[in-house]
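Heads up: numbering here begins at 1 and tracks the sequence. All values below were derived from every heavy atom in this structure, side-chain atoms included, with hydrogens, water molecules and symmetry-related copies excluded. Because the structure is predicted, anything quoted here is derived from the model rather than measured.
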Amino acid sequence: MANRAYLRVWTRDFSVQTMIPEFARFLTTAPLSESEGRFQQLIVQALDPTESPVAEWDLKEGTFSPAEVAALAALHINEDTAYIVEAQWDLWSFDIEIMKWTYGPQPLELLCQGPAYDGGIAAATGHLVADLGFEHFFTGHAGLLAPGAATNPFGGSDHPVERTFRNWMAAGDNLKQYHQKTRENIQKLFAWLEAVEAALPVERSELSSEGEENFEARLDAILAQR
């Protein structure tokens with residue numbers, strides 16, 4: 001199963017009073033897909049992820065602004081509640097099965113965690129969180145890009161798909177293009193992080209992933225690679 005990547009944000013004044021306004025500002029910064037440029041769903045989750053949602057709204061039938069989404073969330077303000085917005089953003093994606101690039105919508109999940117939600121998990125995992133999608137959108141597959149900074153550098157597997165992938169990347173300008181399009185995804189992510197830091201009283205932010213010990217260092221290494 002592919003690893004996922006996350007943007008985590010902690011704000012200086014986070015509380016039950018500030019969380020919905022700050023979530024609205026977080027939503028305002030989201031780089032929504034050009035073709036699917038709207039929020040798709042809002043879920044209100046009480047206590048912890050094992051509980052059934054308190055409320056759900058299908059947002060796909062209209063164009064809901066961040067303020068309007070936040071107004072719906074504000075109907076259920078509690079310190080033990082999380083607010084989850086599903087959306088999409090545009091990224092370059094390389095299909096390793098058919099060796100083809102596509103640019104278009106990928107799932108994006110935006111989360112606000114109340115101070116007491118899930119035992120106060122926000123203190124450790126972020127007041128505001130974005131599930132960015134698959135890690136390889138930003139790192140490439142199997143440590144091929146900037147392998148010196150990769151947690152799991154490319155190991156030369158004999159799996160037919162990986163063998164075909166290595167052969168493809170060794171031909172012509174394929175590796176150069178792979179690097180270029182991955183860099184564009186990283187630059188988009190970094191631009192979003194800058195927008196978040198400009199819009200919110202950020203105390204700390206973090207880019208992390210399930211597969212990299214230091215995701216941010218890996219991204220920096222790929223950007224610096226020539």
Undergrad: Just checking Glu34: does its CD atom have more than 12 heavy atoms from other residues, nucleotides or ligands closer to it than 6.0 angstrom?
TA: no
Undergrad: Kindly write out the residues that satisfy side chain to side chain contact (heavy atoms under 4.5 Å, CB included) with Pro105, not counting sequence neighbours, or none if the list is empty.
TA: Ser33, Ser35, Glu36, Gln88, Asp90
Undergrad: Can you check whether Val85 reaches Leu27 side chain to side chain, under 4.5 Å on heavy atoms?
TA: yes
Undergrad: Enumerate the salt bridge (Lys or Arg N to Asp or Glu O under 4.0 Å) contacts for residues 39-61, please, sequence neighbours excluded, ordered by first and then second residue.
TA: Asp58-Lys60
Undergrad: Looking at Glu135, is its backbone amide N or carbonyl O close enough to the side chain of Asn3 to form a donor-acceptor pair, meaning the two atoms are under 3.5 Å apart?
TA: no
Undergrad: According to side chain to side chain contact (heavy atoms under 4.5 Å, CB included), who are the partners of Thr102, at least two apart in sequence or on a separate chain?
TA: Ser93
Undergrad: Cluster question for you: counting only ILVMFWY and a side-chain heavy-atom cut-off of under 4.5 Å, with indirect links fine, are Phe190 and Ile222 together?
TA: yes
Undergrad: Atom CZ of Phe14 and atom CG of Leu128: how far apart are they, to the nearest 0.5 Å?
TA: 6.0 Å
Undergrad: Quick one: OH on Tyr83 to CZ on Phe26, what's the gap to the nearest 0.5 Å?
TA: 15.5 Å
Undergrad: Name every donor-acceptor pair, under 3.5 Å, that has one atom in a side chain of residues 72-79 and the other anywhere in the protein, sequence neighbours excluded.
TA:
none

Undergrad: Ring pair (Phe, Tyr, Trp, His ring centres under 6.0 Å) with His136: which residues, sequence neighbours excluded?
TA: Phe134, His141
Undergrad: For Tyr117, enumerate each residue passing the ring pair (Phe, Tyr, Trp, His ring centres under 6.0 Å) test, keeping only those at least two apart in sequence or located in another chain.
TA: none
Undergrad: For Tyr103, enumerate each residue passing the ring pair (Phe, Tyr, Trp, His ring centres under 6.0 Å) test, keeping only those at least two apart in sequence or located in another chain.
TA: Trp92
Undergrad: Within the structure provided, determine whether Glu22 and His127 are in side-chain contact (heavy-atom separation under 4.5 Å).
TA: no
Undergrad: Taking Leu189 as the starting point, is it possible to reach Val202 by hopping between hydrophobic residues whose side chains are less than 4.5 Å apart?
TA: yes
Undergrad: Can you sort out the partners of Tyr6 under ring pair (Phe, Tyr, Trp, His ring centres under 6.0 Å), two or more places apart, ordered by chain and number?
TA: none
Undergrad: Please report the interatomic distance CZ(Phe23) to CD1(Ile84), rounded to the nearest 0.5 Å.
TA: 8.5 Å
Undergrad: Report the distance from atom OG1 of Thr139 to atom CG of Leu219, rounding to the nearest 0.5 Å.
TA: 7.5 Å
Undergrad: Are Val196 and Trp89 connected, step by step, through hydrophobic side chains (Ile, Leu, Val, Met, Phe, Trp, Tyr) whose heavy atoms are closer than 4.5 Å?
TA: yes
Undergrad: What about Ile43 and Leu59, same hydrophobic cluster or not, with Ile/Leu/Val/Met/Phe/Trp/Tyr joined at side-chain heavy-atom distances under 4.5 Å?
TA: no
Undergrad: Do the side chain of Arg218 and the main chain of Glu212 share a donor and acceptor less than 3.5 angstrom apart?
TA: no
Undergrad: For residues 107-132, which residue pairs pass the salt bridge (Lys or Arg N to Asp or Glu O under 4.0 Å) check, not counting sequence neighbours?
TA: Arg4-Asp131
Undergrad: Any non-hydrogen side-chain atom of Phe94 less than 4.5 Å from a side-chain atom of Lys181?
TA: no
Undergrad: What's the shortest heavy-atom distance between Gln45 and Ser52, and which atoms?
TA: NE2-O, 3.8 Å
Undergrad: Counting only N and O atoms by type, is there a donor-acceptor contact under 3.5 Å from the side chain of Arg8 to the main-chain atoms of Glu206?
TA: no
Undergrad: Please list, chain by chain and in numerical order, all residues satisfying side chain to side chain contact (heavy atoms under 4.5 Å, CB included) with Ser15, sequence neighbours excluded.
TA: Gln17, Thr18
Undergrad: Under 4.5 Å between side-chain heavy atoms, counting indirect links through other Ile/Leu/Val/Met/Phe/Trp/Tyr residues: same cluster for Phe215 and Leu223 or not?
TA: yes
Undergrad: Using every non-hydrogen atom in the two residues, find where Thr182 and Gly140 come nearest and quote the distance to one decimal.
TA: CG2-N, 4.0 Å
Undergrad: Scan residues 189-204 for pairs that pass side-chain hydrogen bond (donor to acceptor under 3.5 Å, both in side chains), counting only residues two or more places apart or in two chains.
TA: Thr29-Trp192, Glu197-Ser205
Undergrad: For Glu213, I'd like to know if atom CD has over 12 heavy atoms of other residues, nucleotides or ligands within 6.0 Å.
TA: no
Undergrad: Identify the two heavy atoms, one from Ile20 and one from Ala70, that lie closest to each other, and give their separation to 0.1 Å.
TA: CG2-O, 3.5 Å
Undergrad: Applying side chain to side chain contact (heavy atoms under 4.5 Å, CB included) to Ile186 and Asp220, what does each step give before you reach the verdict?
TA: CA-CA 9 Å; Ile186 296 171; Asp220 287 338; over 6 Å; no
Undergrad: Considering residues at least two apart in sequence or located in another chain, which fulfil the side chain to side chain contact (heavy atoms under 4.5 Å, CB included) criterion with Ala87?
TA: Leu32, Phe39
Undergrad: State the CG-CG distance between Leu111 and Leu7, to the nearest 0.5 angstrom.
TA: 11.5 Å
Undergrad: Starting at CG of Leu132, measure out to OG of Ser208 and round the result to the nearest 0.5 Å.
TA: 8.5 Å
Undergrad: State whether the side chain of Glu216 and the backbone N or O of Leu207 hold a donor-acceptor pair below 3.5 Å, judged by distance alone.
TA: yes
